Amino acid sequence: VVLETVDVASTAIIGANLTVGKITPTASLTIPAGEAILSNPPAGTYVAPGSSVDLFISGVQVPDVTGKTKSAASATLSSDQLSPGTLTFIGDANVMAGAVISEDPVAGTEVLPATLVNLTLSGIAVPNVVDQTMTNGEAAITGANLTVGPILAVSSQTEPVGSIVSESPAAGTYVDV
């Protein structure tokens, strides 16, 4: 199975009436990313049917994308055969809005190609515009460098006409720039 992709190696192992064991990403300067470097037990070793075979697959290192914008981080990950996973936005006064604060797995970790890298980015807090007039609410939103989304008119027994009765996302939520 050496020099085969994970899928081809796994199919061969299963076809030999064995089971695929642990798959470990391993650094290699000579084997292309995503191909098997070795197996344990090695090929040619007699084992009982149903035995487990571990694979060591040539991996890629997670690049350091901290400080980059979401689009620059995505481009860097893509060029390294990785993809952005979950994006989480938090407030951080020390980091420019829209910049990556952290990543998981962390930079330098050896992973399999196509691994999702979760990013935490500095976001913008949604201002509280409930109970404000439309004019003041829109000004607060655009003043926070956000865009006013769709407006839905609703009737209210308790709020004056033209008042904002709710917002989504909620005030204080950190969002993408």
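These numbers were taken from a predicted model, which means no experiment stands behind them.
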Minimum side-chain heavy-atom gap [X]-[Y] below 4.5 Å:
| X | Y | value |
| --- | --- | --- |
| L87 | L121 | yes |
| L77 | P63 | yes |
| I164 | M134 | yes |
| P127 | L146 | yes |
| V60 | L82 | yes |
| I124 | N145 | yes |
| V1 | I13 | yes |
| I37 | V2 | no |

I'd like to know if the side chain of [X] and the backbone of [Y] have a donor-acceptor N/O pair within less than 3.5 Å.
| X | Y | value |
| --- | --- | --- |
| S58 | I31 | yes |
| S78 | S74 | yes |
| Q132 | N128 | yes |
| D64 | T66 | yes |
| T173 | P169 | no |
| T26 | T24 | yes |
| E167 | V129 | yes |
| S39 | P41 | yes |
| T142 | E138 | yes |
| E103 | T120 | no |

Taking all heavy atoms of [X] and all of [Y], pick out the closest pair and write down the distance.
| X | Y | result |
| --- | --- | --- |
| V62 | P105 | CG1-O, 3.6 Å |
| G50 | T19 | O-OG1, 3.5 Å |
| G59 | A33 | O-CB, 4.1 Å |
| V126 | A170 | CB-O, 3.7 Å |
| S166 | V130 | CA-CG2, 3.9 Å |
| E110 | P25 | O-CG, 3.4 Å |

To the nearest 0.5 angstrom, please state how far the CZ atom of F56 sits from the OG atom of S28.
13.5 Å
About how many Å separate OG of S168 and CG of L152, when rounded to the nearest 0.5 Å?
11.5 Å
Does [X] belong to the same Ile/Leu/Val/Met/Phe/Trp/Tyr cluster as [Y], with side-chain heavy atoms less than 4.5 Å apart forming each link?
| X | Y | answer |
| --- | --- | --- |
| L3 | I57 | no |
| L116 | L119 | no |
| I14 | L55 | yes |
| F89 | V95 | no |
| L112 | V20 | yes |

What do the steps show when you test D54 against I23 for side-chain contact (heavy atoms from CB on, under 4.5 Å), and what is the final call?
CA-CA 6 Å; D54 297 333; I23 298 175; over 6 Å; no
If you apply the rule side-chain contact (heavy atoms from CB on, under 4.5 Å), what do you find for V100 with K70, and how did you get there?
CA-CA 7 Å; V100 176; K70 180 176 67 173; 5.9 Å; no
Can you list the steps and then say if D7 with T5 is a side chain to side chain donor-acceptor pair (under 3.5 Å)?
CA-CA 5 Å; D7 290 341; T5 64; 5.4 Å; no
Any chance you could lay out the side-chain contact (heavy atoms from CB on, under 4.5 Å) test for K68 and T76, step after step, and finish with the verdict?
CA-CA 9 Å; K68 293 186 177 190; T76 299; 2.8 Å; yes
